[in-house]
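Here is the naming used below: chain letters follow the sequence lines, and residue numbers restart at 1 for every chain. Nothing here was measured: the structure is a model prediction, and the numbers come from that model.
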Protein chains: 2
Amino acid sequence: MRPTKRDELVEKALAIFYQNGFHATGMDRLVADTGISKTSMYKHFRTKEDLILAALTLRDKLFRDWLVQRIEEAAATPRERILALFDVLGEWFASADFRGCMFIKASAEFQNHNHPVRQQSAEHKQLIQKYIQKLAEQAGLPQPVNLARQIIILKEGAIVATHVSGSKTAASDAKEAAEQLLSSPRS
Amino acid sequence: MRPTKRDELVEKALAIFYQNGFHATGMDRLVADTGISKTSMYKHFRTKEDLILAALTLRDKLFRDWLVQRIEEAAATPRERILALFDVLGEWFASADFRGCMFIKASAEFQNHNHPVRQQSAEHKQLIQKYIQKLAEQAGLPQPVNLARQIIILKEGAIVATHVSGSKTAASDAKEAAEQLLSSPRS
DNA sequence: CTAAAACTGTACCGATCTGTCAACCTTTTT
DNA sequence: AAAAAGGTTGACAGATCGGTACAGTTTTAG
């Protein structure tokens with residue numbers, strides 16, 4: 001069991017779905033762009049949906065690993081790391097292939113609330129929120145659960161403001177807001 | 001020129017696109033669900049894309065009219081109205097047919113940054129931001145442009161947290177954050 | 001009342017959709 | 001050396017996609 005071809009497929013499919021959308025990307029396009037035969041694809045994944053789910057799983061891993069690593073490189077204390085989140089988001093927004101959050105897009109395309117794609121998206125968001133909450137607890141900040149929820153709201157808002165509205169300042173706007181949340185006495 | 005049928009089509013198409021997605025909704029589905037013949041549709045709109053754009057135009061009008069009206073009913077002073085935004089969003093989130101922001105979804109499905117759908121989405125967001133900015137100016141708050149950008153980030157974030165993550169508290173979380181932005185001395 | 005305008009259903013076009021099939025290579029295991 | 005496993009191509013279903021053609025019916029306006 002040396003699934004290098006399968007991994008290659010998921011990797012490339014992830015990039016194409018991210019750049020091109022899920023429904024808008026046909027299997028024939030995947031064949032053309034990955035160089036992997038359709039038969040092989042359907043040997044590894046019973047349906048297109050299974051492939052999408054595998055791509056999202058990989059995306060979750062890659063994105064969270066990258067995010068945590070960059071945050072921990074950028075700042076040393078828990079409190080600084082919460083703020084560093086927005087610097088790291090700013091890096092992401094500035095990268096050439098930024099196309100918004102893959103899980104927001106996935107949730108936009110799959111309407112059924114119980115769809116596995118939706119559940120995976122919710123889990124991804126939940127895991128990031130838990131990470132922020134952990135930092136807030138380590139920093140000894142009051143009401144870490146509420147604070148983490150607010151930080152996540154700023155994060156999602158910054159992503160949308162950048163992607164949909166084309167804002168160039170969203171990361172720093174959100175960071176300034178976060179600074180006030182950290183410094184103000186909590187209600 | 002009494003375009004009641006055309007208006008009816010756009011209205012119904014808007015609801016279907018919102019609930020079902022753009023690419024996922026075929027013209028045949030529109031025919032079946034609206035009771036309007038395909039021939040008529042293509043007499044009013046040259047392409048599906050034109051119909052989508054008309055639906056988004058209507059959505060922009062309906063949503064902004066509703067938002068402003070509800071805000072102005074809910075609070076009297078500009079400062080209170082900024083905060084009332086989040087109460088009104090909370091109403092929207094709690095409504096049975098809430099499916100996220102139509103323009104975020106549209107931007108998720110149409111990748112090309114220059115696509116008219118994207119431009120329309122950006123304009124919609126811009127108009128709401130200008131409204132908040134005007135309230136901030138009327139309230140005499142410092143740095144109304146920055147503040148409006150941050151309020152909008154909280155708004156978009158609350159929408160995503162509710163729709164994607166399934167948060168029940170996003171509207172009030174965002175409102176609390178907004179209260180701190182309004183009360184803190186601006187950097 | 002009549003004629004234009006608007007709307008209707010149905011059948012169809014070529015392209016594309018997800019998914020399958022059989023036949024043939026290449027590599028690894030035995 | 002041969003069998004098994006996994007890869008390949010390419011053609012092909014059957015459904016659906018956006019969009020059109022056509023002939024008939026309903027609504028509206030003078």
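Of the N and O atoms on the side chains of Glu8(B) and Thr34(B), not one donor lies less than 3.5 Å from an acceptor on the other residue. A donor-acceptor contact closer than 3.5 angstrom links the side chains of Ser40(A) and Ser37(A). Side-chain atoms of Arg29(A) and Asn20(A) form a donor-acceptor pair, as typed in the model, at a separation below 3.5 Å.
Side-chain atoms of Val88(B) and Leu67(B), non-hydrogen and from C-beta on, do get closer than 4.5 Å to each other. Residues Val10(B) and Phe45(B) have side chains in contact (heavy-atom distance under 4.5 Å, counting atoms from C-beta outward).
Across the protein-nucleic acid pair, Leu30(B) atom CG and dG19(D) atom P stand 12 Å apart, rounded to whole Å. Following rounding to the nearest Å, His44(A) (NE2) and dG19(C) (C1') show an atom-to-atom distance of 16 Å. Rounded to whole angstrom, the span from the CZ atom of Arg46(A) across to the P atom of dG19(C) amounts to 9 Å. When rounded to the nearest whole Å, the span between CE of Met41(A) and P of dT8(D) equals 9 Å.
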Identify the pairs formed between an N or O of the protein and an N or O of nucleotides 16-18 of chain D at a distance under 3.5 Å, and give each distance.
unit_1: dG18(D); atom_1: OP1; unit_2: Lys48(B); atom_2: NZ; d: 2.4
unit_1: dG18(D); atom_1: OP2; unit_2: Met27(B); atom_2: N; d: 2.7

Could you run down the sub-3.5 Å N/O contacts of the protein with nucleotides 21-27 of chain D?
unit_1: dA21(D); atom_1: N6; unit_2: Thr39(B); atom_2: OG1; d: 3.3

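Aromatic ring pairs are classed by plane angle as parallel below 30°, tilted from 30° to 60° and perpendicular above 60°; the pair Phe98(A) and Trp92(A) is perpendicular.
Of all heavy-atom pairs spanning Arg81(A) and Ala75(A), the tightest one is NE-O, 2.7 Å.
Not counting sequence neighbours, the partners of Arg70(B) by the salt bridge (Lys or Arg N to Asp or Glu O under 4.0 Å) test are Glu73(B), Glu91(B).
Of the residues near DNA chain C, Gly35(B) and Glu49(A), the one whose nearest nucleotide (by heavy atom distance) lies more toward the 5' end is Gly35(B).
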